[in-house]
Amino acid sequence: MKEQLKALENLARQLETTPEQRTTLNNAIANYADQFISSLSKRNAYDLQEDEGKAISDLKIDTTARSLETILVAYQKNVDSVGINPASGRHFGYIPGGGLFHTAIGDYMAAIGNRYAGMYFPSPGAVRIENEVIRWLCSLIGYQEEKAFGVLLSGGSLANLAAITAARDDKNIRSQEVERSVVYLTQQVHHCVLKALRIAGLGEVIVRQIPMDAYFKMRPDALAEQIERDKSAQLNPFLVVASAGSTDVGVIDPLAAIAEVAQAHELWFHVDAAYGGAFLLAEVQNEDGSTVKEAFKGIEQADSVTIDPHKGFFVSYGLGALLVKDINTLYKTNYYQASYLQDAEHINEANPSDLSPELTKHFRGLRMWLPLQLLGTQPFVAALSEKILLTRYFYEQVQQLGFEVGNYPELSVMIYRYMPEEGDANSYNEKLVQQIWQDGRFFVSTTTIEGVYWLRLAVVSFRTHLKEIEDYLQFLQLLTNQV
Ligand SMILES: *Cc1c(COP(=O)(O)O)cnc(C)c1O
C-alpha cells in the first residue's frame, strides 16, 4: 500500500510547480502577452482565415504532457489570429470589449489564491471586495436606498435573467398566471431579454412591443395606454424593460417617464444598461447644454439595473452586474438554507451565493476592483468621455463623405450608410462591408432597421482614439470612391 502510494505521489506531485517551473511559465506567458499587446497596432481587427484555426483541434488531450512552447505557437496561429480581435482599437463591431491588462492581473491573483468568493464565512476579504464593487456601482446609478445592492455575474445576459426571475417572484407570477401576464419592451430591446423570459418559465407571457419615437426610444404615452388597455382586458401587466444604451443604435429610453408609468401601475421596472451604464461616469455636454449623465435620469428609480463592466469598463469578458433597489427581492428568488452550510450563517456582508443561482464561483470582483484601485477612476472618466466625442466626430465627418447617418450619437454607437448615386443602397452597403471585412484592418457590424441596411459604429474599446477613427474615415473615403 505504502509503495503504491509513493508511486502515485511521485506522479501526482507533477501538479505542483517548482520555483523554476513557475519562473519559466511566468516568463513565457509574460513574453507572449507583451508581444501580443505591442503588435496590436499592426494586427488586424478581423482575420478571415480559410481554415478558421482548425489546427487547434489537432492538439488532442492525451495522457502525456505537451510543452508550453508548442501550445503557444498553435494558440497564436489558430486562436489569436483568427476571427475578430477584441483587443484591437479598430474593432467597431457589436459592442467591443477591450480587456484591460490590469484585469488579467486581477484574474491571475484570484486564480492563484483561489479565494472562495461565494460566501462570506470562508473568505470575508474576497466578499468584501466583491461587495465594494457592487456598492460603487449602486452609487454610480444613484441608488439612495440602504437596501440597494446587487450581485456580480458573468455578463449582461445572466444579469438580465436574474432581474427577470426577481421580477417574476416579486410580482408573484405563478405558473397559472403566466399566460395572462404582460411584459412591456420595444423592438430595440436586447434579444437576451426574450431568451431570459423563456428560461425563467415565462415563455408564454404576453410581450407587448411598445411603439418608439423617431429616435427608436420607447414612447411612455404609448406604454401607459397599452397598460391601461391590458388592465381593462383583465390581463396582468407586471414588468417593463427599458434600454439605457440600446445595442443597435445606442439610445437611452426616457427612463424617468417610464419609471413614472411603471410606478403608477405597480410594474417592476428593469433598465438594461449593459452597454450604456458605464457612461454615467462620462463628463460630456450636449449641444443644448444638457449633460450625458442627465439622459440617464430615472435609472435610480428602477427596481433593477444591468451593467456590463466587460463593455464600458473595459475589463476582459466575464463580468456583468445586476443591481437592485431592494436586496430582499434577490433573496426571495435565490436564498436557500442547506444543513451542510450551517457554519456559514454568521455574516456581516451579504453572501453572493444567496443572491444568484451560483454557489462556487469565480472571484470576479477582483478583476474590476484591481483596475479601479490601480488607476483611480479618472482615466475611466476620460476614456468614456473620449468615446462619446469620437463617435460624434465620426458622425460629423462621415457625412462629408456622402454617408447618411441615423440618430445623433447620444453615447458611442451610431448607424450610417453610403448613399450611392444610382442603384440599390442596401446592396451597395452590403458590398461595402464585405470589402471592409476582406481588408481586415477594421471590423464593423451591421443592422437592418425597418428594411434599411445600416453599418454600425460602436466605439467602446479603450484602445480607440482619434487616429483609429481618422484612419477608418480615410479608408471609407477610399472604398466609396471605388465600390
Ligand atoms: C451586450 C448586451 C447584453 C448582453 O450582455 P452579455 O454580457 O453579452 O451577456 C444585454 N443587453 C444589452 C443592452 C447589451 O448591450
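First listed ligand is number 1; within each ligand, the first listed atom is number 1. It should be emphasised that the depicted structure is a prediction, and the values quoted were computed from it without experimental measurement.
- Protein heavy atom closest to atom 9 (O) of ligand 1, with residue, atom name and distance, is Ser157 OG, 2.6 Å.
- Side-chain N/O atoms of Thr329 and Asp170 include no donor and acceptor closer than 3.5 Å.
- Rounded to the nearest 0.5 angstrom, Ile206 CD1 and Glu179 CD are separated by 8.5 Å.
- Within the structure, the closest approach of Gly320 to ligand 1 does not fall below 4.0 Å when heavy atoms are considered.
- No donor-acceptor contact under 3.5 angstrom links the side chains of Ser88 and Tyr46, judged on distance only.
- Atoms of ligand 1 lying under 4.0 Å from at least one heavy atom of Asp308, given by number and element, are 5 (O), 6 (P), 7 (O).
- Classification of Lys467 and Glu470 as a salt-bridged pair fails, no side-chain N sitting under 4.0 Å from a carboxylate O.
- Checked by atom type, the side-chain pair Tyr408/Asn286 shows no donor-acceptor distance below 3.5 Å.
- Among all protein heavy atoms, the one lying closest to atom 11 (N) of ligand 1 is Asp272 OD2, 2.6 Å.
- Among protein heavy atoms, the minimum distance from atom 6 (P) of ligand 1 is reached at Gly156 N, 3.4 Å.
- Of all atoms in ligand 1, numbered sequentially from 1 with element shown, those under 4.0 Å from a heavy atom of Cys192 are 10 (C).
- For atom 2 (C) of ligand 1, the closest non-hydrogen atom on the protein side is Lys311 NZ, 2.3 Å.
- Proximity of Asn160 to ligand 1, defined as any heavy-atom pair under 4.0 Å, is confined to the side chain (atoms from C-beta onward).
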Determine, stepwise, if the pair Phe462 / Phe380 fulfils ring pair (Phe, Tyr, Trp, His ring centres under 6.0 Å). CA-CA 9 Å; Phe462 69 97; Phe380 290 90; 9.1 Å; no
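- Under the 3.5 Å distance criterion, with hydrogens and angles disregarded, a donor-acceptor pair is assigned to the side chains of Tyr120 and Arg128.
- Shown in contact with Tyr275 at under 4.0 Å from a heavy atom are these atoms of ligand 1, numbered in order with element: 15 (O).
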